[in-house]
Amino acid sequence: MQNSTLYLQRLRSLLQMEYDAEKEEFRIQSEKMGIKRKIHRGICWYPIEAGRSYYNSLNQLVVEITRKEHDEADEDIEHLFEYGKPVQFFNTPTAEEGGHYFPFSSTVSYVDGDRMVVTLPSSQALIDLQNADHLGVQLYFDETSYKTMFHALDDAINAKNNRLADLRDIFAGVQKPQKRTFAPMLFPWLNKTQEAAVNEVLWAKDVEVVHGPPGTGKTTTLVEAIYETLHRETQVMVCAQSNMAVDWISEKLVDHGVPVLRIGNPSRVNDKMLSFTYERKFESHPDYPELWSIRKTIRQMKENRKRGDNIHQKIARLRDRAQEIEMRITAQLFDEARVVACTLVGSANKVLVRQKFSTLFIDEAAQALEPACWIAIRRASRVILAGDHQQLPPTIKCYEAMKQGLGKTLMERIVENQPAAVTLLKVQYRMNDAIMQFSSDWFYGGQVESDASVKHRSVLDFEHPIQWIDGNEIQQQVNEELEKQGTPDEKLDIDFTEQFIGENHGRINKAEAELVLTTLRNYIEKIGKERFLEERLDVGIISPYKVQTQYLRQQIRKREEFRPFRQVISVNTVDGFQGQERDIIMISLVRCNDSGQIGFLSDLRRMNVAMTRARMKLIVFGDKATLQHHAFYRKLIQYVEKTQEES
């Protein structure tokens, strides 16, 4: 139990540290970092072209931006531009120079491939862009999101004798959460723990946590809980930290026949997704043509106004009429929606002003900063959180703020302070039992079990579902064999020591990467190339180190033997594989040194995510001598060896 107000005040000071650190990082990026490096970090497009401009349905001036020619090596770089992110334009004679920044910021409205639509602050900004040569765009410091989080925390800290104050105290363990009492409902299509979780959500008056380990059907359970809640309530709000997560849950609800109003453009852009966005529904409303016509008239009157013309009253009357139509359309869209879906920061959108919800569902709650959760909580009477705090944590840039507790999520805090309000989903439907068991034992107290349908799933009969491959160990075995055969001159001499790349000291291990690719090629041959392609078996190659993933991607693209399989081989960091799964997962841990240093491999939640992406086969590549200094990796190595002995 803790003083809820003091806790939030401390959280606010940690958020201030994060704000200061990110602002300083942006200043350094803008002033000192070359454009090439920004492109490689995914925070910049250069060169670009400003194309068609128009006013969107929200009466905002937007311009289409196209990324022009770029190096082949840049094609696999995942850019970080997405809906709602602030950006700044610049122009520069060469990619090596810092560039001149335009004195305005803009906002991303839509991104797809090499095309982006950006909201501009004025028509003058558009003229500036259209007249500029050697144009580029980069992510801008997101001041608005921080201001929104600070404001939300202040509201929660200052809340007295209201629902926000109650929730604040319940989350801190000061008050006990209350439950309704009625007979449990039966859901024969769910398993027992999923059924229990849905009932706990329906009984909760204040808060409930659905804790979903990998493969346990968290999304299925959450969708069912929302669907059942809507039998009792008119409308609910559904939020998540990222646009991708909001889109995912929204799409599942639409498949259930639930009318969803999506605030903010979806990141997975297709007609189905766009059709339930606020913007698309607004444009499709029968009253919209009249509104568009009035707005056009206002713009023309302003542009054609002559000195001395007194048209203020006419414009004011037209604006009043436009506002009246806009409010009527918006009210109707909200009346028709059973679920309002947006990101946590997006819940501060002006179209949601004065909107209140009986229930707020927060998906992927273990990846959200607590201050971001409070933005949406202000609109709700009760809160349901779903996620897994044993998987990826929130992204935090200030190490000191993270160390002092900014990385602790609201979900973790409720799990600690209100354990009775937590339901663990215990049956997983993704992994071979041997792949799942170690994760279950280490992270979930051995409570997660495999469904019979996946327990023994495998690519090949009688193979080990989980392997550990150590390059140094293989080399030693080969050399010992060569010694016995009397051919010591043929001994292998491969250096598996990690290397440092660039000023950020990114880790790479080219010898281990080579071992990964050789193992993959041999495994494909063992399965049979025809069968591999016919059954569309898919492979995920994961490394915690970005430089290693870039090198592996490069090698796969270069090598002819992988050409037929490129569509089914994906290479990414752990974060890039969150929420995904593959038949075969290969993990390159990279670290190999004499001092036993493993860096951020000690963030075990990332390793949990990496291992649990595999359905049928998991192969871990790593130097045992380096990694077994850490208790987790020592236990994992022992587990793999024991599994191989038993099978």
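Remember, it's a predicted structure, so these values are computed and weren't measured experimentally.
With rounding to the nearest 0.5 angstrom, the CZ atom of Arg67 is 8.5 Å from the CD1 atom of Ile39. Atom CG of Asn472 and atom CD1 of Ile494 lie 9.0 Å apart (nearest 0.5 Å). Put simply, CD on Gln390 and OG1 on Thr612 are 11.5 Å apart, with the number rounded to the nearest 0.5 Å. Taken from CG in Leu537 to CZ in Arg615, the straight-line distance is 9.5 Å, to the nearest 0.5 Å. Rounded to the nearest 0.5 Å, atoms CG (Asp495) and CD (Gln499) are 7.5 Å apart. Here OG1 of Thr343 is found 10.5 Å from CD1 of Ile263. Values are rounded to the nearest 0.5 Å.
For the residue pair Leu344 and Cys239, the shortest heavy atom distance occurs at CD2-CB, 3.7 Å. The shortest heavy-atom contact between Ala225 and Val201 is CB-CG1, 4.0 Å. Nearest heavy-atom pair across Ile435 and Lys617 is CD1-N, 3.7 Å. In terms of heavy atoms, Met411 sits closest to Val210 at CE-O, 4.4 Å. The heavy-atom pair separating Pro214 from Arg613 by the smallest distance is CB-NH2, 3.9 Å. Listed here is the closest heavy atom pair of Ala625 and His629: O-CD2, 3.2 Å.
Glu498 places no side-chain N or O within 3.5 Å of a backbone atom of Ile508 that could act as its donor or acceptor partner. Judged by distance alone, with hydrogens and angles left aside, the side-chain atoms of Asn608 form no donor-acceptor pair with the main-chain N or O of Leu604 at under 3.5 Å. Side chain of Asn417 to backbone of Phe171: a donor-acceptor contact under 3.5 angstrom is found. Remark: side-chain polar atoms of Asp451 are not paired, donor with acceptor, to backbone N or O of Val427 under 3.5 angstrom. At distances below 3.5 Å, at least one donor-acceptor pair connects side-chain atoms of Arg338 with backbone N or O atoms of Leu230. In this structure, the side chain of Thr626 engages the main chain of Asn593 through a donor-acceptor pair within 3.5 Å. Remark: the backbone N or O of Leu492 is paired with a side-chain donor or acceptor of Asn479 at under 3.5 angstrom. Ser543 contributes a side-chain N or O that, together with a main-chain N or O of Ser588, makes up a donor-acceptor pair within less than 3.5 Å. Counting only distance, with no hydrogens or angles, the side chain of Ser440 and the backbone of Val448 share a donor-acceptor pair below 3.5 Å. In this structure, the side chain of His464 does not engage the main chain of Ile466 through any donor-acceptor pair within 3.5 Å.
You'll find the side chain of Leu360 reaches within 4.5 Å of the side chain of Ile362, heavy atoms only. The shortest side-chain heavy-atom distance between Leu253 and Ile226 falls under the 4.5 Å cut-off. A 4.5 Å side-chain heavy-atom check between Val415 and His389 finds at least one atom pair inside the cut-off. In this structure, Glu224 and Trp189 have side chains that are in contact, with non-hydrogen atoms separated by less than 4.5 Å. Two residues are said to be in side-chain contact when any heavy atoms from C-beta on lie closer than 4.5 Å; Leu517 and Arg559 meet this criterion.
Using a cut-off of 4.0 Å between Lys/Arg side-chain N and Asp/Glu carboxylate O, Arg413 and Glu416 are scored as not salt-bridged. Between Asp255 and Lys252, none of the side-chain N atoms (NZ, or NE/NH1/NH2) sits under 4.0 Å from a carboxylate O, so this pair counts as no salt bridge. Using a cutoff of 4.0 Å between basic side-chain nitrogens and carboxylate oxygens, Lys408 and Glu412 are not scored as salt-bridged. No salt bridge links Glu208 with Arg382; every basic N to acidic carboxylate O contact stays at or beyond 4.0 Å. Looking at Asp247 and Arg262, a side-chain N of the basic residue comes within less than 4.0 Å of a carboxylate O on the acidic one, giving a salt bridge. Using a cut-off of 4.0 Å between Lys/Arg side-chain N and Asp/Glu carboxylate O, Arg457 and Glu463 are scored as not salt-bridged. With respect to Asp583 and Arg536, no salt bridge is recorded, no charged nitrogen being found less than 4.0 Å from a carboxylate O. With respect to Arg430 and Glu581, a salt bridge is recorded, a charged nitrogen being found less than 4.0 Å from a carboxylate O.
Applying the salt bridge (charged side-chain N to carboxylate O under 4.0 Å, His left out) test to every pair with at least one member in residues 620-631, sequence neighbours left out, gives these pairs: Glu473-Lys624, Lys624-Glu641.
More than 12 heavy atoms of other residues, nucleotides or ligands shown are found within 6.0 angstrom of CD on Gln437.
Side-chain contact check for Tyr545 and Asn509: no donor-acceptor pair (N or O, by modelled atom type) lies under 3.5 Å. A donor atom on one side chain and an acceptor atom on the other are not found under 3.5 Å apart for Gln428 and Thr216. Side-chain contact, Gln580 with Arg582: a donor N or O sits under 3.5 Å from an acceptor N or O. His456 and Asn432 share no side-chain donor-acceptor pair at under 3.5 Å. The closest side-chain donor-acceptor pair between Tyr523 and Gln467, if any, does not fall under 3.5 angstrom. Between the side chains of Glu481 and Gln477, no donor-acceptor pair of N or O atoms lies under 3.5 Å. Side-chain atoms of Gln578 and Asp575 include no donor-acceptor pair closer than 3.5 Å.
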* To do: Begin with the C-alpha distance, continue with both residues' side-chain angles, and end with the deciding distance and a verdict on side-chain contact (heavy atoms from CB on, under 4.5 Å) for Val207 and Ile414.
  => CA-CA 9 Å; Val207 65; Ile414 294 167; 3.9 Å; yes
* To do: Begin with the C-alpha distance, continue with both residues' side-chain angles, and end with the deciding distance and a verdict on side-chain contact (heavy atoms from CB on, under 4.5 Å) for Gln644 and Trp468.
  => CA-CA 10 Å; Gln644 289 180 339; Trp468 187 294; over 6 Å; no
* Could you give me the CA-CA distance, side-chain angles and deciding distance for Asp603 and Arg606, then say whether salt bridge (Lys or Arg N to Asp or Glu O under 4.0 Å) is met? => CA-CA 6 Å; Asp603 184 351; Arg606 282 193 148 71; 3.1 Å; yes
* To do: Give the C-alpha distance, both sets of side-chain angles, the deciding distance and a yes or no for side-chain contact (heavy atoms from CB on, under 4.5 Å) between Phe621 and Met586.
  => CA-CA 7 Å; Phe621 297 81; Met586 309 175 97; 3.9 Å; yes
* **Verdict with supporting geometry, Gln550 and Gln554, side chain to side chain donor-acceptor pair (under 3.5 Å)** => CA-CA 6 Å; Gln550 287 170 346; Gln554 205 177 65; over 6 Å; no
* Kindly determine whether Val111 and Tyr83 satisfy side-chain contact (heavy atoms from CB on, under 4.5 Å), including the steps that lead there. => CA-CA 7 Å; Val111 188; Tyr83 170 81; over 6 Å; no
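With sequence neighbours left out, the side chain to side chain donor-acceptor pair (under 3.5 Å) criterion links Gln475 to no other residue.
Ring planes of Trp442 and Phe438: parallel class, angle under 30° (limits at 30 and 60°).
Shown are Ile556, Ile541, Ile469; of these, the side chain to side chain contact (heavy atoms under 4.5 Å, CB included) with Val516 is made only by Ile541.
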Determine all donor-acceptor pairs shorter than 3.5 Å in which one atom belongs to a side chain in residues 631-640; sequence neighbours excluded.
unit_1 : atom_1 : unit_2 : atom_2 : d
Tyr633 : OH     : Leu601 : O      : 2.7
Arg634 : NH1    : Gln628 : O      : 2.8
Tyr639 : OH     : Ala434 : O      : 2.6

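Under the 6.0 Å cut-off for aromatic ring centres, Phe532 and Phe565 qualify, their centroids lying closer than that.
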